[in-house]
Protein chains: 2
Amino acid sequence: MADGPTINTIAERAGVSIASVSRVLNGLPTRQETERKVLKAAEELGYVRNAVARSLKSRRTNQVAFAMADVGNPAYLAMLRQIQPVLKAAGYRLVLHSTDAVAADEIDVLHSLGERYVDGLIMSPLRVTDAHLEMLAAARAPVVIIGSVPEGTPVDNVRADSRTGVRLAVHHLYALGRRRIAMVNGPIDTVPGAARGAAYREALENLGLPYDDDLVQIGDFYRAEGARAVAELLARVPDVDALMCANDLIALGALDVLRAAGRRVPDDVAVVGMDDTDLAAASWPSLTSVSLGSAERGKVAAELLLERLRGGDSEPRVVTVAPRLAVRASTAGPAYEGASDGSDRKEGGA
Amino acid sequence: MADGPTINTIAERAGVSIASVSRVLNGLPTRQETERKVLKAAEELGYVRNAVARSLKSRRTNQVAFAMADVGNPAYLAMLRQIQPVLKAAGYRLVLHSTDAVAADEIDVLHSLGERYVDGLIMSPLRVTDAHLEMLAAARAPVVIIGSVPEGTPVDNVRADSRTGVRLAVHHLYALGRRRIAMVNGPIDTVPGAARGAAYREALENLGLPYDDDLVQIGDFYRAEGARAVAELLARVPDVDALMCANDLIALGALDVLRAAGRRVPDDVAVVGMDDTDLAAASWPSLTSVSLGSAERGKVAAELLLERLRGGDSEPRVVTVAPRLAVRASTAGPAYEGASDGSDRKEGGA
DNA sequence: TTGTATGCGTTATCAG
DNA sequence: CTGATAACGCATACAA
């Protein structure tokens with residue numbers, strides 16, 4: 001682990017100036033003989049150019065940061081899976097931040113952009129505070145936000161459309177003949193909870209179905225909480241024939257409880273999850289789920305950022321990714337579904 | 001997005017030298033008045049220190065790389081989830097590489113260590129070739145390998161113990177009274193396939209059970225392949241009463257097929273998976289699975305690397321992480337398991 | 001305590 | 001085509 005060779009080392013050994021070394025290494029016009037000597041010396045010394053010095057000079061780091069709210073959350077991991085290859089293909093390294101859903105940490109990341117250790121940033125904040133907006137306005141590098149920012153914020157913005165997503169699911173259930181469609185939601189003081197709850201109500205109105213408070217059960221976004229919520233719901237509204245769950249974990253909890261209660265899925269009660277995580281295909285019966293396009297949002301965000309890095313100076317862009325309904329056994333499929341091979345039927349939305 | 005201020009900008013504005021600015025910014029002894037002026041100027045200019053220049057000078061980047069074989073693989077994601085917070089707490093940024101299981105890409109990452117854009121590396125290679133060993137011997141920064149490297153390789157090494165893992169599972173099945181324990185494996189020319197196959201054989205011998213070729217079915221590490229393999233196995237050996245599957249996906253495929261064939265799990269056939277991914281707890285019945293400690297290996301690797309970065313100059317260390325058996329419904333649990341709350345019963349290994 | 005000057009490893013400019 | 005030299009932004013040894 002001795003100190004590595006620099007262009008100075010090479011220059012000495014080859015008997016030329018560091019300028020010539022640099023030229024050869026960068027493929028600039030050089031006399032054959034010089035080139036030969038330099039390459040030979042570099043080879044013998046096992047020279048590798050120093051990325052830090054290069055960055056200082058070029059003012060580019062070839063690094064891009066992705067700040068996710070939570071490394072453990074499958075939705076963000078889906079984004080990561082798409083972002084990674086796009087950046088890699090373009091020659092950028094990926095610096096990963098997990099902000100643990102703490103707003104202060106997100107602000108920190110935004111602030112550290114000023115350190116110029118990356119050329120750009122993709123961020124998926126939990127919610128956007130005034131402090132966020134302030135930092136975004138002053139950002140010293142291009143930023144793409146996955147989520148929603150107010151009109152006028154000077155950053156590119158990739159959005160999900162949970163309203164349409166919920167509508168797709170509710171309409172799907174309606175088309176299957178379900179009329180007592182309940183909503184099992186997470187806390188409504190969260191951004192997704194509020195959005196999904198409102199979307200549910202809207203979808204019902206849209207179909208001319210009455211909105212019934214009894215059909216709405218609030219719990220939390222975890223499996224155990226989902227199970228508890230569904231148990232309560234069943235006790236209160238025994239004739240429910242469909243469950244719109246605010247995420248896949250809640251839906252898994254629902255399946256647990258329905259099974260224990262002897263209700264057949266989907267025959268007696270149809271179940272729909274949200275986020276379309278890997279768990280949806282793994283469960284039994286496999287779970288119909290609304291994809292809000294985490295993966296695609298990641299991909300689009302990466303592409304938008306790359307355009308900026310290439311010098312695109314257009315106005316801030318807003319892209320909304322269409323949700324999709326992945327229909328599986330919990331609403332419509334056969335009781336036994338062949339092993340998942342990624343070819344689930346999907347219905348486009350928008 | 002104008003050019004950011006530097007210590008020169010501050011020095012001018014505050015009417016002091018850049019040396020004083022640097023001193024103030026680094027908390028070195030300074031006259032109150034000077035400090036005040038510098039801080040004021042820095043504040044007004046919105047100064048943030050340039051990480052690149054700082055790295056060039058200090059020869060430290062405060063970045064660590066993690067090279068995973070595949071961003072999509074839950075086992076590596078489990079490592080990532082543990083590595084991230086450890087590094088973050090120590091003030092390091094995480095640079096993520098996905099080598100897509102291509103050996104050349106791994107060599108690339110090792111080579112690029114010479115660029116000094118990170119202070120250290122954690123790598124989990126699929127298999128270790130001579131080229132790997134050569135690069136590891138010449139590495140210009142501390143490296144920790146998750147996986148196995150030959151004795152004498154000058155890097156820290158965190159290993160799994162699939163032999164003990166398989167033994168735990170097979171003994172568990174035996175203790176439940178199973179005597180026709182089959183193995184559903186992936187390709188045996190892969191490292192994990194070979195290791196797990198051998199371990200199965202050894203575990204049987206250990207118990208005095210006869211090894212029967214008919215009880216071994218080779219497929220691939222995917223759900224559909226697992227299902228196919230189990231279907232064949234059932235046709236050939238109808239009296240099988242337990243399945244040791246080489247990973248969770250294969251086990252999920254096994255559950256599909258058993259269900260379709262009307263075999264009750266675990267009553268008729270017990271099923272064990274490996275890797276203990278999230279899917280194991282999500283399936284129904286929930287899946288007993290051998291954890292090879294992906295998460296813990298990640299954590300240990302990060303800690304070992306940090307020690308090196310702090311200057312630990314000890315001999316290369318080898319840490320082996322004990323496997324654990326997470327017992328769930330597919331072997332021993334009740335038919336209905338309350339929603340998963342992370343409190344699965346575990347049996348320690350050695 | 002403060003300022004001057006130098007170097008970290010590269011790239012780029014400008015004479016020769 | 002080549003070499004000397006000046007940045008890039010910061011930290012620091014040394015002199016004042």
Side-chain angles (χ1 to χ4, degrees), chain A residues 1-39 41-42 45-63 112-119 140-141, chain B residues 2-42 45-63 112-119 140-141:
Chain A
M1 241 173 284
D3 253 28
T6 73
I7 54 173
N8 284 286
T9 330
I10 297 180
E12 262 181 62
R13 184 174 190 119
V16 299
S17 73
I18 62 168
S20 286
V21 175
S22 178
R23 276 189 287 261
V24 170
L25 262 26
N26 289 302
L28 297 178
T30 324
R31 192 162 45 131
Q32 290 258 334
E33 172 63 7
T34 310
E35 178 174 343
R36 206 189 46 70
K37 283 191 296 188
V38 169
L39 290 180
L45 290 166
Y47 172 80
V48 181
R49 41 165 207 248
N50 184 309
V52 178
R54 176 170 249 243
S55 289
L56 180 58
K57 187 65 186 163
S58 68
R59 297 158 159 283
R60 307 181 59 243
T61 59
N62 293 314
Q63 293 190 156
S112 69
L113 264 189
E115 294 182 12
R116 306 207 147 274
Y117 67 99
V118 286
D119 299 336
R140 296 243 170 80
Chain B
D3 253 29
T6 73
I7 54 174
N8 285 286
T9 328
I10 298 181
E12 260 180 64
R13 184 174 191 118
V16 298
S17 74
I18 62 168
S20 287
V21 175
S22 178
R23 277 188 286 260
V24 171
L25 263 25
N26 288 303
L28 297 178
T30 324
R31 189 160 47 126
Q32 289 259 333
E33 173 63 6
T34 309
E35 179 174 343
R36 205 188 47 71
K37 284 191 295 186
V38 168
L39 291 180
K40 178 157 173 290
L45 290 165
Y47 173 81
V48 182
R49 66 169 191 263
N50 184 308
V52 176
R54 177 169 249 245
S55 289
L56 181 59
K57 184 71 185 161
S58 67
R59 296 158 157 283
R60 307 179 60 246
T61 60
N62 293 314
Q63 293 189 156
S112 68
L113 264 189
E115 295 181 11
R116 306 207 148 275
Y117 68 99
V118 286
D119 299 335
R140 297 244 170 78

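So that the names make sense, note that chain A is the first sequence line, chain B the second, and so on, each numbered from 1.
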Rounded to whole Å, CD1 of A/Ile7 lies from P of D/dT5 at a distance of 15 Å

Rounded to whole Å, the CD-P distance (A/Glu12 to D/dG3) equals 14 Å

When rounded to whole Å, the CG to P distance for the pair A/Asn26 and C/dA12 reads 7 Å

Point to revise | A/Ser20 side chain near D/dG3 phosphate (N/O to OP1/OP2, under 4.0 Å) | key: yes

Open item on the list: Within the supplied structure, the quantity of interest is the number of heavy atoms (other residues, nucleotides, ligands) at a distance under 6.0 Å from B/Gln32 CD; does it exceed 12?
Closed with: no

Would you please confirm or rule out a distance under 4.0 Å between OP1 or OP2 of D/dT2 and any side-chain N or O of A/Arg31?
-> yes

Check: Which is it for B/Asn50 and B/Thr6 under the side-chain contact (heavy atoms from CB on, under 4.5 Å) test, yes or no, and what are the steps along the way?
Finding: CA-CA 8 Å; B/Asn50 184 308; B/Thr6 73; over 6 Å; no

Rounded to the nearest 0.5 angstrom, the OG1-CG distance for B/Thr30 and B/Leu25 is 10.0 Å

_On the side chain of A/Arg23, is there an atom forming a donor-acceptor pair with the base of D/dG3 - under 3.5 Å, no angle test?_
yes

A/Ile10 atom CD1 is separated from C/dT11 atom P, nearest whole Å, by 11 Å

TODO: State whether A/Thr6 places a side-chain N or O below 4.0 Å from either non-bridging phosphate oxygen (OP1 or OP2) of C/dG9.
DONE: no

In this structure, CZ of A/Arg54 is separated from CG of A/Asn26 (nearest 0.5 Å) by 6.0 Å

Quick note, A/Ile18 side chain, CB onward, closest among C/dT2, D/dT5, C/dG3 is D/dT5

Side-chain contact check for A/Thr34: nearest option of D/dA11, D/dC1, C/dG3 is D/dC1

Residue-phosphate contact under 4.0 Å: A/Asn8 side-chain N/O, C/dG9 OP1/OP2: no

Nearest heavy-atom contact between B/Ala14 and B/Ala41 is CB-CB, 4.1 Å

When rounded to whole Å, the CZ to C1' distance for the pair A/Arg116 and D/dG9 reads 12 Å

Practice item. Check for a donor-acceptor pair, side chain of A/Ser22 on one end and backbone N or O of A/Ile18 on the other, with a separation under 3.5 Å. Key: no

Sorted by number, residues from residues 46-63 of chain B placing a heavy atom under 4.0 Å from DNA chain C are B/Leu56, B/Lys57, B/Arg59

A/Tyr117 atom OH is separated from D/dG9 atom C1', nearest whole Å, by 18 Å

By nearest-nucleotide position on DNA chain C, the 5'-leaning member of B/Gln32 and A/Ser22 is B/Gln32

Donor-acceptor pair, distance only, cut-off 3.5 Å: does the side chain of B/Arg116 make one with the backbone of B/Arg140? yes

